[in-house]
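Structure, as structure tokens:
All residue numbers refer to positions in the sequence shown, counting from 1. Bear in mind the structure is a predicted one, so any value in this text is a computation, not a measurement.
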Amino acid sequence: MKKKKVWAFAAIAAVLIGLAFVFFNDKVSVSASSVALAEQGWKANFSSSLQQDAIDRGDVYITDVQGEQVDVEMIILENGKTLEIPEIAAGQYQLHVKRAALKNNFMKSLVNTEISFVVQEQLEQLTDEEELRNYFAQLMEMQQNNQQYGGAIAESGEETAESADSASGESEGVGGDHSTTNNQVEGVNEADSVKTDGSYIYSISESRVMISDVRNPERMAVAAELPFTQETYPQQLFLSGDTLIILGSSYSAMPMDDWRLPSSHQPYLGLTTVYLYDISNPESPQLIREFGAEGNLSGARLSSNVLYFVTSVYPDYWILEEQDEPELRPHRYDSKNGGELEPIAYDSIAILPGTMEGSYSVITTIDLAVPETNDVSTEGFLGGSEQLYMNEENLYLTASAYVPLGDDELSGNSEMAIWMPQQANTEVFKFGLDGTAVEFLASAQITGSLLNQFSMDEHNGYFRAATTEGIAWDVTSPSKNHLFVLDGQMNQVGSVEDLAPGERIYSARFIEDKAYMVTFKETDPLFVIDVSVPTSPQVLGELKIPGFSNYLHPLDDNHLIGFGYDTKLVPVKNGEPRVVTGGMKISLFDISDFAAPVEKDTEIIGGPGTYSTLQYDHKALFTHQEKNLFGFPAALYEGTAGDYIDFEGEGALIYTITPDGISQAASLIEQTDDQYEDWNTATQRILYIGEDLYTVANGEIKSYSLETFEPISSMTFDP
């Protein structure tokens, strides 16, 4: 009998402990931006659903700075977890939420019952240090609450490398018969690791930049070498007239005024540094200026002789727990002004609306017409940047906006994070360009996440974007794909939604009034979408084929080239077939009949393991329009018995691609008995100058006849 009482007591204790766990862990947290624009409204995301009638009952309401209740339209979206105010006048407000507003509120309580926010008519710069500290203090409180009570707001992610004809006034692409970078937008040049002016090749070789004289392809020579210190690593290059622009990453000691950090913190800043060299005599380049901005390089463009580059800065704002007045502004420097690191002014910092991020997007510009003396402009925007798209008029940056999972998605699992990456939407921020002036214009949130810069485009004043919502392998909530059209004020005016359930976008391309989208899970559907009427985009056609394309490139008005992988289904005992990749695949799509696209020709290269840098970096594509040539670096592998693959060789492949089909023009692959690739000699870029072809690697350059592709000469760089 005593034994039964003991077990009964233990059971009751377990229930009480479980109830206590629920009580202490079933806290409801809120994610909301501290800044909004009047015409775009404001929203807050909750980690648990609200009652749909909570607003009518007065359990959710807004007060102004005097504490008076404000009569404003509020909407609880269908998921119950998003509260939206479509439009609200400029001013300071507080959102009040009572516990009774929560759906199924037994044993639930709110972490924050009052949320403060500011509404502005237009984006305003910060006024002082206190305003910046308050922003980070609010962000810290929000993150602590979410982490403490069973949820987590995912970070916006590390900076992403850009995945991507030259402007007038730039040496690249003007006159001369030579290669230019494969840019996404005509008139907007993209930074790359290799550039040429038709006489010299400028290339990055580890921690130096090599200037190679290739005027005589039989006797190529190093004209000059630009070495950098161990703290600096060159990343990207531009050419603008007689100026070579080198963008690199570097580290620098923090200014003495900022050395208020505890010993556990390293007093160094990560910088993106720009070096300007006068190359009027390429054999004797002269450094004429050096400047930089704090942060990792997110992207760079050169248009109408103006350099634009964006860095992402992640300040250690948690130091607010240890210090009262830490320096949380991004830093910059300029050799023209003495070269000392200094924080940017408060009135050069603004908080982007609709986001609550602990990172900055820093936009730096300079007019290169007079590179030695023209002013460098640096503006900081609180809000992370991931992807970058730019044309000659506007610059677009994006950031992930993580939204809460629905109650059904949580399935009672209190350990699951409240904000999950697969539920990320995308904040898009639009900036107008006027020379070196960059002005924030508008922003919007679209459903789903972007793949890369080619997922965005602007045409005739309308912004278009292709997104994937969810994760393809999530069978309980299959992914789906969308295309959105926004007007000049970033208001959504049209969309095509819920394409290819269970798949994700592998490549996208906008060409004037058409959009092309490749999704994949087992087959490769190519969607052709008409966006000529922005308010009613329509799917015109769909093609399903094996494999998928990572990159789409226009051939002419009626044909599209896809570069990607071949795939096949492998049977699995007592299970669903498994999709495996084979060799690299080139597809020629005939899109003359938009309603019935056709894969007119294909080329399969190598076996499993074969790849090209083109599949993740569009700037690796070589083109020669007049000769219908397309090329790319490649590493060849072949399958063997079992699951093993053998390395066959590496180099470059050149194809002739016309509307009639695909044929190999040349294989510059060097066969080898080595088991592994050699990074030092692996081709990184292919270019042509006149009637000669060049392959550029980290440690060498090789020349070939563009007519016969016979080798002419080679030149290695000294270690």
Side-chain angles (χ1 to χ4, degrees), residues 122-125 162 164-174 181 183-191 236-247 272-278 288-293 295 297-311 330 332-337 344-345 347-350 352 360-381 385 388-397 428-443 453 456 458-461 463 488-490:
Q122 59 185 14
L123 198 66
E124 298 176 3
Q125 277 69 39
E162 294 189 282
D165 286 303
S166 303
S168 60
E170 297 164 18
S171 63
E172 195 176 16
V174 178
T181 298
N183 301 309
Q184 181 183 8
V185 178
E186 185 176 355
V188 180
N189 194 17
E190 300 184 32
Q236 300 284 298
L237 307 174
F238 282 113
L239 288 176
S240 178
D242 287 335
T243 304
L244 169 66
I245 302 103
I246 303 172
L247 295 95
T272 293
T273 298
V274 178
Y275 302 89
L276 303 181
Y277 280 88
D278 180 346
I288 56 177
R289 194 168 181 181
E290 176 186 338
F291 60 91
L297 182 63
S298 295
R301 299 290 189 271
L302 183 61
S303 179
S304 299
N305 223 29
V306 177
L307 171 68
Y308 305 84
F309 70 93
V310 181
T311 60
R332 51 162 289 176
Y333 78 96
D334 186 351
S335 61
K336 174 191 168 187
N337 300 323
I344 64 177
D347 61 7
S348 294
I349 299 174
L352 291 172
Y360 291 92
S361 296
V362 178
I363 304 177
T364 302
T365 64
I366 180 176
D367 187 337
L368 294 170
V370 188
E372 298 93 337
T373 57
N374 278 350
D375 290 338
V376 175
S377 172
T378 306
E379 303 282 336
F381 298 91
S385 63
L388 183 156
Y389 169 84
M390 181 179 139
N391 58 25
E392 292 181 293
E393 294 81 31
N394 297 305
L395 168 69
Y396 293 86
L397 298 178
V428 184
F429 306 104
K430 178 181 180 180
F431 300 85
L433 305 176
D434 183 8
T436 59
V438 178
E439 179 188 6
F440 174 83
L441 298 179
S443 66
Q453 68 187 65
M456 299 180 284
E458 184 186 274
H459 181 63
N460 289 339
F463 176 79
Q489 290 71 47
M490 298 300 283

Report yes if some heavy atom in the side chain of T273 is under 4.5 Å from a heavy atom in the side chain of L247; otherwise report no.
no
Given R301 and L388, is the side-chain contact (heavy atoms from CB on, under 4.5 Å) satisfied, shown in steps?
CA-CA 10 Å; R301 299 290 189 271; L388 183 156; 3.5 Å; yes
So, S303 side chain and G187 main chain: donor-acceptor pair closer than 3.5 Å or not?
yes
Should N189 and L239 be marked as a side-chain contact (heavy atoms from CB on, under 4.5 Å) after you check the CA-CA gap, both sets of side-chain angles, and the distance that decides it?
CA-CA 10 Å; N189 194 17; L239 288 176; over 6 Å; no
Closest non-hydrogen atom pair between T364 and A293, with its separation:
OG1-CB, 3.6 Å
Is the shortest heavy-atom distance from the side chain of T436 to the side chain of D375 under 4.5 Å?
no
For the side-chain hydrogen bond (donor to acceptor under 3.5 Å, both in side chains) test, which of N374, T373, D334 pairs with R289?
D334
Do L433 and M390 have side chains that approach each other closer than 4.5 Å (heavy atoms only, starting at C-beta)?
yes
Between L123 and F381, is any pair of side-chain heavy atoms under 4.5 Å apart?
yes
Quick one: does S240's side chain get under 4.5 Å of I245's, heavy atoms only?
yes
Point-to-point distance, once rounded to the nearest 0.5 Å, from CG of L244 to CZ of F238:
11.5 Å
Can you tell me how far CG of L441 sits from CD of Q489, rounded to the nearest 0.5 angstrom?
9.5 Å
Once you round to the nearest 0.5 Å, how far does NZ of K430 lie from CG of L395?
11.5 Å
Say whether, by atom type as modelled, one donor and one acceptor occur between the side chain of D347 and the main chain of Q125 under 3.5 angstrom.
no
Compare every heavy atom of N394 with every heavy atom of G432, then report the nearest pair and how far apart it is.
CA-OD1, 3.6 Å
Report yes if some heavy atom in the side chain of L307 is under 4.5 Å from a heavy atom in the side chain of T365; otherwise report no.
no
Straight-line distance of I349 CD1 to T378 OG1, nearest 0.5 Å:
11.0 Å
Hey, which of Y308, F440, Y389 is the one that makes ring pair (Phe, Tyr, Trp, His ring centres under 6.0 Å) with F431?
F440
Would you mind reporting whether E392 and V188 have side-chain heavy atoms less than 4.5 Å apart?
yes
I need the L276 CG to K336 NZ distance, nearest 0.5 Å.
12.0 Å
Identify the two heavy atoms, one from S385 and one from V310, that lie closest to each other, and give their separation to 0.1 Å.
OG-CG1, 4.0 Å
Main-chain N/O of E290 paired to S335 side chain as donor or acceptor, under 3.5 Å
yes
Side-chain donor/acceptor of N391 to backbone N/O of E393, under 3.5 Å
yes
Donor-acceptor contact present, side-chain Q184 to main-chain Q453, <3.5 Å:
yes
Residue pair S443 / M490, side-chain heavy-atom distance below 4.5 Å
no
Which heavy atom of E379 sits nearest to which heavy atom of S377, and what is that distance?
OE2-OG, 4.1 Å
Rounded to the nearest 0.5 angstrom, the CG-OG distance for L352 and S361 is 6.5 Å
So, do F463 and Y396 have ring centers that fall under 6.0 Å from each other?
yes
Non-hydrogen atoms of G435 and V306 that approach each other most closely:
O-CG1, 3.8 Å
Over all atoms of both residues, closest heavy-atom pair of T272 and G295
OG1-O, 2.8 Å
